[in-house]
Amino acid sequence: MTILNNTLNSRVATESTMHKAFIKLGKQKKIMYLTSFLLVVIIFNVLLNNTLHKKIHKNGQQLTQQIYELQINANADKEIVQALVQSKGFMLAAHSNAEHFKYLVDIQHDVFSYKTLSISLYHWPAWVEQAYLFLLLNIIILGATSWWVKWWKVLVTKPAASLPLPYSKTKAAKKLSTQITTLNCEVKSMYGVSAARHSLFAIVKCDCVFDENTDTQASFKVLIAKYFKELPAVSVNVFDANNLAITLNNIPVAKLDTYSESLHECVYQICRRYRSTVKRKNIKVGLCDYRYAAEQPVIFKLAKSALLFSEKNVMQHWHRLALQHEQGNLISSKQVIENIKKNKFILFFQPLFMITSGDIVQHEVLIRIRQQPHGLLAARYFINQDFNNHQAFELDKAVLLQVKKLILAESSALTVSVNLHISNWFNKQFWSWFVTNMKDFTTKRKLQFEISEADFIKYQGQLAGAFDKLTALQSLLVIDNVQNLEHINQIASQKLVSGIKLGYPLVHNVDEKTQQQKQVKNIVAQSKLLNIPVYAVGVETQKELLMLAKLGVVAAQGFYFSEPLQEYTHATFY
C-alpha cells in the first residue's frame with residue numbers, strides 16, 4: 001500500500017512538473033512571438049521613415065535646383081524663396097512653436113546644394129509630417145498578424161492528410177508562371193490600334209423551369225465564368241423567369257462564332273444540371289458583337305433580333321448579328337466637324353516607355369469622337385474622310401487647344417506628340433494660327449509633331465515651310481510608321497527629327513518572324529550611326545517586347561504597358 005501511494009505521489013509530482021514545464025514553454029513561445037512581432041513593426045517603421053526622409057531630401061535638392069535654374073537671388077528675393085520653400089514643406093527658420101515641443105520633436109536642419117548655390121532649410125521629421133502613413137502601416141501590420149494568427153490556429157487543428165497543400169501550391173504556381181495578364185478590352189478599344197477584339201452580348205431563352213429555391217443568376221454567373229475562365233470579365237443577369245443576359249469581353253474577332261457556339265453549349269450543360277430532360281433545341285441564343293462604348297439600346301435590339309432568328313430556325317440554335325464598323329460608313333467629315341464644334345470628343349495620352357528603365361519618354365495624343373450608335377470612334381475610322389482645308393484646320397485646332405489646356409493644368413514636363421492632318425502641313429492659315437496661339441507654349445519643348453514616313457518622303461519639298469515654322473518655335477519631329485531601311489539617311493538629314501517609330505506591321509509578332517527581326521535590326525543599327533533613337537508602337541505581348549529590346553529598340557508603347565496615364569486623362573465629354 002505504501003509503495004502504491006509513493007508511486008502515485010511520484011506520478012502526480014512528475015505530471016505536475018511536466019505541466020509547469022509546458023506552461024513555461026508556452027509562455028516562452030508567446031514572448032518569442034511577441035518579440036518577433038515587435039521587431040517586424042520596428043523594422044517596417046524604420047524603413048518607412050528612411051524612405052520618407054529620402055523623399056524629403058530629394059524634394060529639398062529639387063527645390064535648390066529650381067531656385068538656381070530660375071536665377072533667384074536667395075538674399076534679395078526672400079519673399080519668392082519663402083513661397084517656394086513653403087510650397088515644398090520646408091522652412092527657412094525654425095518654427096517658433098517648436099519651443100513647446102522641443103522635448104518631444106526636434107525640427108531637423110539640412111543644407112542642400114546645387115552647383116554654386118547652398119540653402120539652409122528646416123523641416124519637421126518625416127514621422128510628424130506623414131504621421132497618417134505610419135498609423136496606416138501599423139494598422140495593416142496588426143490586421144495582417146491577427147488574420148495570420150486566426151488562420152494558423154484553424155490550420156494546425158486540422159489533420160495533415162486533409163490538406164493537399166503541396167499539390168495545390170505547385171499547381172497554382174505553374175498556372176501563375178505561365179499566365180499572361182489579359183489587358184482591359186475597354187482600354188484597347190480606346191487606343192484603336194487594333195480592332196482584333198470585340199465584346200459579345202447574348203440574350204438566352206431557356207425553355208425549362210428552374211427550382212424556386214435555386215439562385216439562377218448566381219449559379220449561371222459562377223458556372224459561365226468558370227467555363228470561360230480565359231476571359232477577363234463575364235456578366236450575367238436574369239431579367240425574367242426564362243431569359244438571361246450574358247456579356248463576354250475581350251473576344252478575338254476570328255473566334256466570335258466559336259465563342260457563340262460555346263456559349264450555347266455552356267448554357268445547355270448548366271441547364272442539364274437542374275433538368276436532365278432539357279434538350280439543345282430548348283436553348284435559344286441571340287448574340288450581338290460590338291466595340292467598347294457602343295449604344296446599349298442598339299446592341300439589345302440586335303441581340304433580340306438575332307434571338308428571333310434562332311427561334312425560327314430548327315437546326316441553328318444560336319444566331320449572331322454584328323454592330324457594323326466598316327470604315328467609311330460610320331461617320332462623315334461633316335459629322336466629325338459638327339461633333340468637334342460641340343466638344344463631343346475626348347483625348348487620351350498614350351505613354352511611350354523606355355524599355356530598360358521603364359521611364360516615360362513622351363505621350364502620343366489619341367482623339368476619340370463619340371458617334372451614335374457606334375460609341376467612341378478612333379481616328380482611323382474617320383481620318384481618311386475627304387476633309388477640305390477648312391475642316392482639317394478646325395479638327396487640328398480643337399485638338400491642339402485641348403492639348404494645351406490639359407498640359408498647362410499638369411506639373412509634368414514630359415513631351416507630347418501630335419499627329420496633324422496631312423493638309424494642315426501645307427496650310428498657311430493653320431501655321432499662322434499656330435504661331436499666334438502656340439508660340440509661348442512650344443518654346444518649352446512640351447510639344448512635338450509626328451508624320452508618317454510615307455508622307456515625309458512624298459511631300460518633303462512642300463513641307464519646307466512648315467519645318468521652318470517648327471524650327472523657329474523649337475519644336476521637334478518624330479517620323480512614324482517606318483517600314484524599312486530605305487529612307488533612314490534621308491530622314492536623318494532633317495535636323496528636326498528627334499526619333500523614328502517602327503510601323504505596327506514590323507512590330508506585330510516580331511518574336512516569331514525572322515524577316516521582321518532582320519529588318520528591325522538593320523534599322524536600329526543604321527539609326528545608331530545617325531544618332532536617332534528607334535521606338536516601337538503597338539507592342540502587345542511580353543515576347544514582342546523582349547525581342548525588341550534584344551534588337552536594340554530604345555522605347556515602346558502599346559497595350560502591353562499601360563492604359564493612358566491619369567494625369568493626362570482629365571478630358572471629358574461636354
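Hydrogens, waters and symmetry mates are skipped; everything else that's a heavy atom, side chains included, is used.
The shortest side-chain heavy-atom distance between V554 and I355 does not fall under the 4.5 Å cut-off. Side-chain contact check for K495 versus F467: every heavy-atom pair is 4.5 Å or farther apart. Put simply, the side chain of I488 reaches to within 4.5 Å of the side chain of I500, judged on heavy atoms. In this structure, the side chains of L347 and V403 come closer than 4.5 Å at one or more pairs of heavy atoms. When side chains are defined from C-beta on, L287 does not count as touching F201, because their heavy atoms never get closer than 4.5 Å. The side-chain heavy atoms of T415 and L447, taken from C-beta on, include no pair separated by under 4.5 Å. Using a 4.5 Å heavy-atom cutoff, the side chains of I224 and I246 are in contact.
For F426 and Y459, the distance between ring centers is under 6.0 angstrom. Between H198 and Y290, a ring centre-to-centre spacing not shorter than 6.0 Å is recorded. Checked against the 6.0 Å centroid threshold, F434 and F449 count as a close aromatic pair.
Here the CG atom belonging to L548 is positioned 9.5 Å from the CD atom belonging to Q517, to the nearest 0.5 angstrom. One distance of note links CD of Q557 with CD1 of I360; it measures 11.5 Å at 0.5 Å rounding. Note that NZ of K284 and NZ of K205 are 10.5 Å apart. Values are rounded to the nearest 0.5 Å. Within the model, atoms CG of N424 and CG of L400 stand 8.5 Å from one another, a figure rounded to the nearest 0.5 Å. We find the CD1-NZ distance between I299 and K301 to be 12.0 Å, quoted to the nearest 0.5 Å. With values rounded to the nearest 0.5 angstrom, K54 atom NZ is found 14.5 Å from N59 atom CG.
Across I367 and L395, no two heavy atoms sit closer than the pair CD1-CD1, 4.2 Å. Considering all non-hydrogen atoms of both residues, H508 and Q516 come closest at O-NE2, 3.0 Å. Residues E453 and N484 come closest through the heavy atom pair OE2-O, 4.1 Å. A pairwise comparison of heavy atoms in S305 and L321 identifies CB-CD1, 3.9 Å as the closest pair. The two residues K221 and V236 have their closest heavy-atom pair at CA-CG2, 3.8 Å. Contact between Y504 and V537 at its shortest, heavy atoms only, is N-CG2, 4.1 Å.
A donor-acceptor contact under 3.5 angstrom links the side chains of Q483 and N481, judged on distance only. S452 and D455 share a side-chain donor-acceptor pair at under 3.5 Å. At a cut-off of 3.5 Å, with distance as the only test, no side-chain donor of N427 or N389 sits close to an acceptor on the other residue.
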Inset, instruction - Give the intermediate values and the outcome of side chain to side chain contact (heavy atoms under 4.5 Å, CB included) for residues Y259 and F228. - result: CA-CA 9 Å; Y259 274 92; F228 297 104; 3.7 Å; yes
Inset, instruction - Check the pair D289 / R320 against side chain to side chain contact (heavy atoms under 4.5 Å, CB included), numbers first and verdict last. - result: CA-CA 7 Å; D289 65 278; R320 178 176 63 85; 2.6 Å; yes
Inset, instruction - Please assess T247 against L200 for the test side chain to side chain contact (heavy atoms under 4.5 Å, CB included), listing each intermediate value before the final yes or no. - result: CA-CA 6 Å; T247 303; L200 196 61; over 6 Å; no
Inset, instruction - Check step by step if side chain to side chain contact (heavy atoms under 4.5 Å, CB included) holds for Q526 and N489. - result: CA-CA 8 Å; Q526 185 64 19; N489 291 332; 2.9 Å; yes
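Between K341 and E394 there is no salt bridge, since no side-chain N of the basic residue sits under 4.0 Å from a carboxylate O of the acidic one.
The one candidate from D480, L477, L420 that meets the side-chain contact (heavy atoms from CB on, under 4.5 Å) condition with I451 is L477. Partner of W433 under the side-chain contact (heavy atoms from CB on, under 4.5 Å) criterion, out of T436, N437, V435: N437 alone. L546 pairs in a side-chain contact (heavy atoms from CB on, under 4.5 Å) with only one of the listed residues (Q542, E544, K543), which is Q542.
Panel note: side chain S417, backbone H363; a donor-acceptor pair is recorded below 3.5 Å. Counting only distance, with no hydrogens or angles, the side chain of Q402 and the backbone of V399 share no donor-acceptor pair below 3.5 Å.
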Listed pairs under 3.5 Å, donor-acceptor, residues 527-535 side chains, sequence neighbours left out:
{"from": "S527", "atom 1": "OG", "to": "I523", "atom 2": "O", "distance (Å)": "2.7"}

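For Y227, the ring-ring contact (aromatic ring centres under 6.0 Å, His included) test picks out no residue, with sequence neighbours left out.
Sorted by first then second residue, the salt bridge (charged side-chain N to carboxylate O under 4.0 Å, His left out) pairs that include residues 501-519, not counting sequence neighbours, are E364-K501, E450-K501.
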